[in-house]
2 protein chains.
Amino acid sequence: MEPFEELTSLDKLVHEPARLAIMTALAACERADFLYLQRITGLTKGNLSGHISRLEKGELLTVEKDFDGKIPRTTLALTEKGRETIVAYWEQMERLREAVDRWRPGEAPA
Amino acid sequence: MEPFEELTSLDKLVHEPARLAIMTALAACERADFLYLQRITGLTKGNLSGHISRLEKGELLTVEKDFDGKIPRTTLALTEKGRETIVAYWEQMERLREAVDRWRPGEAPA
DNA sequence: TGCACTGGTTTGCAACACAAACCAGTATAC
DNA sequence: GTATACTGGTTTGTGTTGCAAACCAGTGCA
């Protein structure tokens with residue numbers, strides 16, 4: 001498959017910028033709470049909440065709600081599948097970048 | 001700015017997989033006709049046409065319609081701005097990948 | 001005079017990203 | 001004790017988007 005065709009078929013669940021930021025941050029943090037994640041990604045609460053729901057539905061992360069004394073706290077962490085997915089994503093991007101650099105037209109381009 | 005915040009603010013016009021493929025292919029080809037581009041990206045005609053329109057509106061590529069004998073042909077090429085944009089995009093991704101690898105939490109993450 | 005092919009564009013629709021509005025609970029002020 | 005404001009999120013509304021199917025104009029050929 002041409003590298004360009006692989007680009008068009010990137011996993012959109014992970015590729016979307018906000019979710020890419022969330023997944024990547026969680027890969028670096030192991031676990032993080034909702035508000036910390038909001039700070040480092042710069043997303044609004046509503047936006048972050050929505051993306052978390054989508055990632056949870058895709059089984060890429062888990063949501064754990066508990067209390068720190070009396071204040072509620074939501075802690076996020078990648079699932080095993082989530083970790084594999086985000087690692088694979090970055091490896092794929094790196095691989096594609098190199099493949100594209102090496103690529104030469106196979107048939108008359110114009 | 002945290003690298004994650006930079007991820008959330010990626011330029012969506014370029015980041016979208018189909019357009020990323022188109023731009024990246026054109027960066028490698030200099031110029032290409034519509035159908036060649038369709039083959040190497042695997043996009044449907046309608047889809048490709050739509051994305052080309054958006055990129056043209058964003059002044060990232062030019063559309064040139066001429067005839068090869070009697071058959072019409074549409075030739076695409078990046079503008080100077082387009083070339084700078086796609087090169088910058090891949091550099092930014094590479095830079096972010098490295099930044100994320102080096103990143104350590106600044107405040108209590110959870 | 002049909003029929004199929006080339007080279008695309010337009011249309012219609014479901015999915016999505018986003019922020020504003022909302023909500024429940026807690027601490028603080030008066 | 002009762003407003004007020006903050007914390008920690010979720011739900012709702014809406015404009016935008018990605019996508020493929022349908023469409024269209026011109027050409028070859030039988």
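Here the P atom of nucleotide D:dG26 and the CZ atom of B:Phe67 are 9 Å apart, to the nearest Å. Summarising the geometry, the separation between CZ on B:Arg39 and P on C:dT6 is reported as 11 Å, rounded to the nearest angstrom. To the nearest angstrom, P of C:dT6 lies 10 Å from CD1 of B:Ile71. Going from atom CG of A:Leu76 over to atom P of D:dG8 covers 14 Å, rounded to whole Å. If you take CZ of A:Arg73 and C1' of C:dG25, they are 17 Å apart, rounded to a whole angstrom. Here the C1' atom of nucleotide C:dA17 and the NE2 atom of A:His15 are 14 Å apart, to the nearest Å.
A heavy-atom distance below 4.0 Å to DNA chain C is reached by these residues of residues 42-64 of chain A, ordered by number: A:Thr44, A:Gly46, A:Asn47, A:His51, A:Arg54.
Not one N or O on the side chain of A:Ser49 forms a donor-acceptor pair closer than 3.5 Å with the backbone of A:Lys45. Formation of a donor-acceptor pair under 3.5 Å by the A:Arg19 side chain with backbone atoms of A:Leu13 is found in this model. A donor-acceptor pair is defined here as one N or O able to donate and one able to accept, closer than 3.5 Å; no such pair exists between the side chain of B:Thr8 and the backbone of A:Ala18. In terms of modelled atom types and a separation under 3.5 Å, the side chain of A:Thr79 and the main chain of A:Leu60 share a donor-acceptor contact.
Proximity of B:Lys65 to the phosphate of D:dA25: no side-chain N or O atom is located under 4.0 Å from OP1 or OP2. In this structure, A:Arg19 reaches the C:dA17 phosphate: one of its side-chain N or O atoms is under 4.0 Å from OP1 or OP2.
Projected onto DNA chain C by closest heavy-atom contact, A:Pro72 and A:Lys12 fall at different nucleotides, the more 5' of which corresponds to A:Lys12. Annotation: of the two residues near DNA chain C, A:Lys70 and A:Glu16, the 5′-most nearest-nucleotide partner is A:Glu16.
Between B:Pro17 and A:His15, some side-chain heavy-atom pair lies under the 4.5 Å cut-off.
Considering only the side chain of B:Ala18, D:dC19 comes nearest among D:dC19, C:dG8, C:dG7.
Remark: the A:Trp103 side chain and the B:Thr24 side chain contain no N/O donor-acceptor pair separated by less than 3.5 Å.
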